[in-house]
> 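For reference, the structure I am asking about is given below.
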There are 2 protein chains.
Amino acid sequence: MDSPVQKTYSGVVALTTKGRATRQRIIEGAAAYLRADEPAGVTLDDIRAITGTSKSQIFHYFPDGKEELFLAVARHEADRVLDDQQPHLGALTSWPAWERWRDSVVARYRAQGRHCPLGALMAQVGSTPGAREVTSALLNQWQAHIRKGICDMQAAGLIRAGLDADRVAAAFIAGIQGGVLVLMSTGSVTHLEAAVDTLVDHLRG
Amino acid sequence: MDSPVQKTYSGVVALTTKGRATRQRIIEGAAAYLRADEPAGVTLDDIRAITGTSKSQIFHYFPDGKEELFLAVARHEADRVLDDQQPHLGALTSWPAWERWRDSVVARYRAQGRHCPLGALMAQVGSTPGAREVTSALLNQWQAHIRKGICDMQAAGLIRAGLDADRVAAAFIAGIQGGVLVLMSTGSVTHLEAAVDTLVDHLRG
DNA sequence: GATTTTTTGGACTTGCCGGTCCAAAAAAGT
DNA sequence: ACTTTTTTGGACCGGCAAGTCCAAAAAATC
């Protein structure tokens, strides 16, 4: 906890500039690789080759090996998820804004196609506590944004006040996640669109 | 296609009674095992031990090895999914019927907890054509049942006719899948409930 | 510029797991 | 009863991939 030595996120004690660069290169190279290719059974040696590093470097920067590295990549990808929905997600204050947000979500996942980098990572890392923490944090933030959007609309009198903002926000999260899941297995975004559109219709009342 | 020899689903040519029993024992034992335990990295040797069989038996009944066996288990589990929702899912002809169905879905997944056997299988088998076919078939049937329920309600004048039954049914599928996905990572059914309840509210108009 | 720390290369170990193989037991067919 | 087919046991193989280790290069520190 309060050890005398400053510990970074990664558990490595003190990285030089070069070291930090290498670490970042590994994360981003791995992320790009997992984003592009079939992620099932990606090996450390693949990542080593892609990022032009050696085995010892990987274990130097991620002492706990594969799991630690993949978690770092998962965090990296989780950040992208919300970023890609901005600025729309942060300002759901009018119906056109909701439409723009809807379009950005659909577009993002349509472009992504069957590959859900985050889902793939999660499947690999499985259900370790760390993995759950990453997903939970992401979903919580996401849902909070949506809930705030609903509340703002209610405050502006554009959505009926009786509606349970948190509940509907949770339904949005479920619908989007499920839509993406279906997309991964069918390659079609129709379910994602149906879920989001139906829920927006519901907001409109 | 029309070969002179009768071929079974499994590709094995002719099984005796005992053989069929063994094959079934393997599938059901594997299914139970995958349902109960952490499915990440389940090995053929685990299944061999659990089902009291030998390596040669597994490859005798599932010549293509792991993938074929896991697909068989996935089919087995997929059947259970819809069965568990019957008879409610087949007769969504009144509001109380929708409520009963809702409760059965929530109860089923609450009982299942974090373990989604089908999801786990899919993560393992990954994105082979066979795996996609299993999920697609399941989701299609599921959605068809829901759509029929909506149409029946519309015919009875209980749901406004303007509503796009197929679209909303797709939203249900997405919401349920997403709710289960969230359940798997958080252990809570609130998202599943929120999704189904919100969509039923939407049907009520 | 000497020393200490960090970074890097890559060979090597280790264990695991999917899949093969053959021969024996059991069952079915005649 | 004999033959043929199916079923079963389990030893074995081969490959792969995570992780270890040590020494050398590079950088930082003094």
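Computed from a predicted model, the values in this text were never measured in an experiment. Below, read A as the first sequence line, B as the second, and so on, with proteins coming before strands; counting in each chain starts at 1.
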> Given atom CD1 of A:I26 and atom C1' of C:dT8, what is their separation to the nearest angstrom?
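About 11 Å, once rounded to whole Å.
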> Ignoring hydrogens and geometry beyond distance, is the side chain of A:K55 in donor-acceptor contact with the base of D:dG19 at under 3.5 Å?
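Counting by modelled atom types and ignoring angles, a donor-acceptor contact under 3.5 Å is found here.
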> Taking for each residue the nucleotide of DNA chain C with the nearest heavy atom, is it B:T17 or B:G65 whose nucleotide lies nearer the 5' end?
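That would be B:G65.
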> Pick base, sugar-phosphate or nothing for B:T43, based on heavy-atom distances below 4.0 Å to the nucleic acid.
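B:T43: backbone/sugar contact only, no base atoms under 4.0 Å.
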> Does a donor on one side chain and an acceptor on the other come within less than 3.5 Å for B:Q143 and A:H191?
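Result is yes, a qualifying pair exists.
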> CZ of A:R20 versus P of C:dT6: gap in Å, rounded?
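Atom-to-atom, A:R20 to C:dT6, this comes out as 13 Å.
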> When all nucleic acid strands are considered with a 4.0 Å heavy-atom cut-off, which category describes A:T16: base, sugar-phosphate, or nothing?
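The residue A:T16 makes sugar-phosphate contact but no base contact.
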> Would you kindly give the CG-to-C1' distance between B:D45 and C:dG15, to the nearest whole Å?
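That distance rounds to 13 Å.
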> Does a side-chain N or O of B:Q57 approach OP1 or OP2 of D:dT7 to a distance below 4.0 Å, or not?
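Checking B:Q57 against D:dT7: no side-chain N or O falls below 4.0 Å of OP1 or OP2.
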> Could you give the OH-to-P distance, from A:Y61 to C:dT6, as a whole number of Å?
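My rounded result for the distance is 11 Å.
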> Is the shortest distance from a Lys or Arg side-chain nitrogen in A:R100 or A:D103 to a carboxylate oxygen in the other one below 4.0 Å?
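Salt bridge between A:R100 and A:D103, a charged N being under 4.0 Å from a carboxylate O: no.
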> Take atom CD of B:E68 and atom C1' of C:dG19, then tell me their distance rounded to the nearest Å.
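That distance rounds to 14 Å.
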> Between atom CZ in B:F62 and atom P in D:dT6, what is the gap in whole Å?
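Atom-to-atom, B:F62 to D:dT6, this comes out as 17 Å.
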> If you only use heavy atoms from C-beta on, which nucleotide in D:dG10, C:dG18, D:dG19 is closest to the side chain of A:F59?
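Selected nucleotide: D:dG19.
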> With the threshold set at 4.0 Å, does a side-chain nitrogen-carboxylate oxygen contact exist between B:R204 and B:E99?
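Yes, this pair counts.
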> Tell me whether A:R102 is salt-bridged to A:E193, with the criterion being a basic N under 4.0 Å from an acidic carboxylate O.
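Yes, this pair counts.
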> Which of these nucleotides, D:dG9, C:dG10, C:dT7, is closest to any side-chain atom of B:S54?
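That would be D:dG9.
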> Ignoring hydrogens and angles, state whether a donor on the side chain of B:R108 or B:Q112 is under 3.5 Å from an acceptor on the partner side chain.
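Yes - a donor-acceptor pair under 3.5 Å links their side chains.
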> Report yes if at least one side-chain N or O of B:T22 is closer than 4.0 Å to OP1 or OP2 of D:dT7; otherwise report no.
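No.
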> Provide, to the nearest angstrom, the distance between the CD1 atom belonging to B:I58 and the P atom belonging to C:dT20.
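About 13 Å, once rounded to whole Å.
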> Just to confirm, is there a sub-4.0 Å distance from OP1 or OP2 of D:dA18 to any side-chain nitrogen or oxygen of A:K66?
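It does, given that an N or O in the side chain of A:K66 lies less than 4.0 Å from OP1 or OP2 of D:dA18.
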> With respect to the side chain of B:S56, which nucleotide from D:dG9, C:dA26, C:dG10 is positioned closest?
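Minimum distance to the B:S56 side chain belongs to D:dG9.
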